[in-house]
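To keep things clear, I will list the structure first and then write my remarks on it.
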Amino acid sequence: MSLAGLKLYRAQGGWHHFCPGCQSIHRLPDGWRFDGNLESPTFTPSFKHSWGNKMICHYFLTAGQLVFCSDSTHRLAGQSVALPEFPG
């Protein structure tokens with residue numbers, strides 16, 4: 001991976017960012033539209049990550065804000081938060 005900014009990493013297959021809802025790193029695959037802004041990025045369409053039996057993280061990343069959809073199963077469902085920097 002290569003650091004592209006304080007909030008995004010570029011790696012083979014897509015862009016990576018830290019998700020404060022899941023407390024983990026998510027990958028936005030190549031093919032998602034990206035506006036090129038490394039500090040306040042916008043990617044479209046929405047991203048929906050699911051794992052295990054019923055774990056879902058569904059969000060829009062717009063102007064540096066993670067807008068979590070209500071079908072997310074973590075504590076930030078239905079909320080908007082600033083895209084954080086990668087944890088130190």
Using the benzene-type ring in the case of Trp, are the ring centres of Phe18 and Phe86 under 6.0 Å apart? no
List the atom pairs, donor and acceptor, that lie under 3.5 Å between side-chain atoms in residues 20-29 and the rest of the protein, sequence neighbours left out.
residue : atom : partner : partner atom : Å
Gln23   : NE2  : Pro20   : O            : 2.7
Arg27   : NH1  : Gly13   : O            : 2.9

Under 3.5 Å donor-acceptor, Asp35 side chain and Pro41 backbone: no
Provide the full list of salt bridge (Lys or Arg N to Asp or Glu O under 4.0 Å) pairs with a residue in residues 55-65, sequence neighbours left out, each pair given once. none
Aromatic plane relationship, His49 with Phe47 - under 30° parallel, 30 to 60° tilted, over 60° perpendicular: parallel
Which pair of non-hydrogen atoms, one from Asp30 and one from Arg10, has the smallest distance, and what is that distance? OD1-NH1, 2.7 Å
Ring centre gap for Trp15 and Tyr9 strictly below 6.0 Å: no
Which residues satisfy the side chain to side chain contact (heavy atoms under 4.5 Å, CB included) test with Ser50, sequence neighbours excluded? Ile56
Sort and list the pairs that fulfil salt bridge (Lys or Arg N to Asp or Glu O under 4.0 Å) and have at least one residue in residues 12-25, not counting sequence neighbours. none
Not counting sequence neighbours, list each pair that qualifies as a side chain to side chain donor-acceptor pair (under 3.5 Å) and has a residue in residues 74-88. none
Check residues 57-67 and write down every donor-acceptor pair under 3.5 Å in which the side-chain atom is one partner and the other belongs to a residue at least two apart or another chain.
residue : atom : partner : partner atom : Å
His58   : ND1  : Asp71   : OD1          : 3.0
His58   : ND1  : Asp71   : OD2          : 3.1
His58   : NE2  : Ser46   : OG           : 3.1
Tyr59   : OH   : His17   : NE2          : 2.7

Rounded to the nearest 0.5 Å, how far apart are OG1 of Thr73 and CE of Met55? 4.0 Å
Phe34 and Thr44, any side-chain heavy atoms less than 4.5 Å apart: no
